[in-house]
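Report on one structure; see the data block that follows.
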Amino acid sequence: MDDLIDVPSTNRYEQLSLTDHTLREAAHLLTAHHRAWTGIGKWLPRRLLSADPVHGQALLDGHQRVAEHADTAPLAVAAERVLDLVGGPLREGYTQR
């Protein structure tokens, strides 16, 4: 999340890469939270909207906002709300394996 928020809008490669990663991870958390199937490709938005129309739409709208306007704020807010559903962001002790 910090990387997504901090990347300059002029660095579109990094911004778009972080945007895709954020959407995938938030979608995984949201669908898992609702014990729903997740998906890839065209199925990711379908499954996301099916699992949670409100939070799913916010994630997809945020993703589109970055793609079209280089504005990461709506996606960051939407992802933060998903994190809040599952206990909030983990800052200390986080590792990715």
Side-chain angles (χ1 to χ4, degrees):
M1 291 295 301
D2 295 335
D3 288 343
L4 176 66
I5 294 166
D6 292 340
V7 69
S9 61
T10 55
N11 191 337
R12 294 293 284 157
Y13 295 126
E14 285 184 14
Q15 188 183 55
L16 292 172
S17 176
L18 290 165
T19 297
D20 287 344
H21 182 72
T22 300
L23 176 63
R24 281 192 310 272
E25 292 298 316
H28 176 72
L29 283 174
L30 188 58
T31 54
H33 175 70
H34 289 290
R35 297 176 185 206
W37 287 100
T38 191
I40 58 172
K42 69 180 182 183
W43 288 100
L44 184 130
R46 294 175 186 186
R47 299 290 188 199
L48 195 52
L49 292 172
S50 176
D52 189 319
V54 173
H55 290 97
Q57 188 69 55
L59 287 169
L60 294 171
D61 289 346
H63 185 266
Q64 186 172 357
R65 183 78 184 174
V66 176
E68 293 177 353
H69 302 286
D71 179 10
T72 60
L75 179 59
V77 168
E80 191 78 27
R81 289 185 178 146
V82 170
L83 286 173
D84 289 342
L85 289 174
V86 297
L90 178 61
R91 301 268 185 224
E92 298 301 320
Y94 173 78
T95 61
Q96 185 170 353
R97 298 175 190 201

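What you are looking at is a predicted structure, and each value in this text was computed from that prediction instead of being measured.
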Return the set of residues passing salt bridge (charged side-chain N to carboxylate O under 4.0 Å, His left out) with D2 (not counting sequence neighbours), or none when no residue passes. R91

Are the side chains of L59 and R24 in contact, using a 4.5 Å heavy-atom criterion? no

Distance-only criterion, 3.5 Å: show the donor-acceptor pairs between side-chain atoms of residues 31-50 and protein atoms not counting sequence neighbours.
residue : atom : partner : partner atom : Å
T31     : OG1  : A27     : O            : 2.9
T31     : OG1  : H28     : O            : 3.2
H34     : NE2  : D52     : OD2          : 2.8

Nearest 0.5 angstrom please: E14 CD to D6 CG, how far? 11.0 Å

Run the side-chain donor-acceptor check on residues 70-90: report pairs under 3.5 Å with partners two or more places apart or on a different chain.
residue : atom : partner : partner atom : Å
D71     : OD1  : A73     : N            : 3.2
D71     : OD2  : R65     : NE           : 3.3

If you round to the nearest 0.5 Å, how far is CG of L60 from NE2 of H63? 8.5 Å

Using modelled atom types and a 3.5 Å cut-off, is there a donor and acceptor pairing between side-chain atoms of T22 and backbone atoms of L18? yes

